[in-house]
Amino acid sequence: MSSALLPKPQMRRLLARRMKFHLFGAFLLSVGCAALYKFGVADPRKRAYAEFYKNYDPMKDFEAMRAAGVFESAPPK
Amino acid sequence: MLHLEDFSLVDSITVIPLLAELLFFCIVTSKRCLRRSQKLEWVCLLFPCAAGVVKAEDFSLPAYVNRRDVPLPEVAFVKDLSAQQKALKEKEKASWTALSVDEKVELYRIKFNESYAEMNRGSNEWKTVLGGVLFFLGVTGLILIWQKHYMYGPIPHTFSDEWLSMQTKRMLDMRINPVEGISSQWDYEKNEWKK
């Protein structure tokens, strides 16, 4: 047993300290996850769909598919 | 839909390593509980690892427990004090500043079995657990290899490379998933995969 006194540990507001730490962390984590998803997944996906449909010609696409022979009711010419 | 009769008896071979692992962990956990108790009593497997000898009539009396969430158990750890300890308990009734450090430690040890530091000490059990898990996963892998080689029949012809390439070509012709999926990775002008 050491003869020198140990520093007095924190006796009060232990839950408050823990709660503050965890609330802060939880808020940051959840906002971070949401932001990551938005900028990593949602926005690129929206951009990809916008790009695809910007110059999309459905009839041209249909003729290409028909030529490949995938339709039963619309055989290739 | 999968029915019970679709599982053959041979498929149940895969369950054996899982049962063996379950048995292994029951043994490891019960060994851990027994190690903590001082006497080999069956009661120590049921109660939260209460220390000390438990006679039949002591069941109804409050017991000492070494638990993090019970800082002050109902009874002291040492029930039957020696003459020296009895004298110390008498001295405790007087001013505590008269007690030496060793006497204070002795009083603590009378009241409690382990300090919080001793109670919360880590162990090397995780190595055993991890090793056991990996070992039994390996055994399962070996069983699966044996099954594939000796037991199962050939896979359907639709998994052959020729069929798969015909299948992929048809998917591209149908423009499956043209925005983000497979057809978006195909270059229709050059008739090859996009770089």
Side-chain angles (χ1 to χ4, degrees), chain A residues 1-23 25-26 33-77, chain B residues 67-72 88 91-92 96-121 158 162-195:
Chain A
M1 192 88 163
S2 62
S3 52
L5 280 171
L6 294 164
K8 184 170 180 180
Q10 195 187 357
M11 305 290 267
R12 294 171 187 271
R13 295 181 61 86
L14 293 161
L15 180 64
R17 188 182 70 178
R18 180 196 161 86
M19 201 171 248
K20 189 162 73 173
F21 174 79
H22 280 86
L23 273 171
C33 281
L36 234 103
Y37 186 84
K38 178 174 163 52
F39 293 114
V41 178
D43 280 351
R45 189 169 284 169
K46 287 182 189 164
R47 243 181 291 125
Y49 272 82
E51 286 296 319
F52 179 79
Y53 283 109
K54 195 158 65 165
N55 301 315
Y56 181 61
D57 184 12
M59 287 320 293
K60 182 165 144 240
D61 216 30
F62 167 72
E63 291 302 331
M65 282 198 258
R66 176 199 227 170
V70 291
F71 293 125
E72 280 186 18
S73 49
K77 295 203 182 71
Chain B
R67 288 176 62 103
R68 280 170 59 179
D69 46 0
V70 180
L72 292 171
L88 189 56
K91 196 175 174 191
E92 195 192 6
W96 287 342
T97 51
L99 295 166
S100 75
V101 166
D102 290 321
E103 286 173 332
K104 286 179 193 167
V105 173
E106 176 62 28
L107 283 166
Y108 182 89
R109 289 291 167 190
I110 291 172
K111 203 157 187 160
F112 303 104
N113 181 16
E114 286 178 317
S115 68
Y116 263 77
E118 289 164 7
M119 200 198 303
N120 295 340
R121 71 178 175 279
T158 53
E162 302 85 39
W163 193 279
L164 283 177
S165 50
M166 285 198 286
Q167 186 174 298
T168 320
K169 184 81 186 79
R170 192 173 143 81
M171 280 172 76
L172 294 170
D173 289 339
M174 290 197 284
R175 307 295 192 274
I176 299 289
N177 254 338
V179 184
E180 279 189 321
I182 188 168
S183 300
S184 68
Q185 304 298 320
W186 181 258
D187 193 340
Y188 284 98
E189 273 93 56
K190 290 194 213 133
N191 226 10
E192 61 185 9
W193 292 110
K194 283 185 187 165
K195 297 292 179 286

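Not measured: the values here are computed from a predicted model. All chains are named by letter (A, B, ...) in the order of the sequence lines, taking the proteins before the strands, and each is independently numbered beginning at 1.
- Taking all atoms of both residues into account, the shortest heavy-atom contact from B:Trp96 to B:Glu92 is NE1-O, 3.0 Å.
- The CG atom of B:Asn113 sits 8.5 Å away from atom CE of B:Met119, with the distance rounded to the nearest 0.5 Å.
- For the residue pair B:Phe112 and B:Pro71, the shortest heavy atom distance occurs at CE2-O, 3.6 Å.
- At a heavy-atom separation below 4.5 angstrom, chain A is approached by B:Arg170, B:Asp173, B:Met174, B:Arg175 within residues 166-175 of chain B.
- Heavy-atom minimum distance, B:Arg109 versus B:Glu118: NH2-OE2, 2.7 Å.
- Interatomic distance, CG of B:Asn120 versus CZ of B:Arg68, reported as 5.0 Å (0.5 Å rounding).
- No more than 12 heavy atoms of other residues, nucleotides or ligands shown are found within 6.0 angstrom of NZ on A:Lys54.
- Separation of atoms SG (A:Cys33) and NZ (A:Lys38) is listed at 15.5 Å; rounding is to 0.5 Å.
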Could you give me the CA-CA distance, side-chain angles and deciding distance for A:Arg17 and A:Gln10, then say whether side-chain contact (heavy atoms from CB on, under 4.5 Å) is met? CA-CA 10 Å; A:Arg17 188 182 70 178; A:Gln10 195 187 357; 2.7 Å; yes
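- Atom NZ of B:Lys104 is surrounded by more than 12 heavy atoms from other residues, nucleotides or ligands within 6.0 Å.
- For A:Tyr37 (side chain) and A:Ala42 (main-chain N/O), no donor-acceptor pair under 3.5 Å exists by modelled atom type.
- Residues of residues 179-190 of chain B having a heavy atom under 4.5 Å from any heavy atom of chain A, listed by number: B:Val179, B:Glu180.
- Of residues 55-65 of chain A, those residues with a non-hydrogen atom less than 4.5 Å from any non-hydrogen atom of chain B are, in numerical order, A:Asp61, A:Ala64, A:Met65.
- Against chain B, the residues from residues 66-77 of chain A that qualify, each with a non-hydrogen atom under 4.5 angstrom away, are A:Ala68, A:Val70 in number order.
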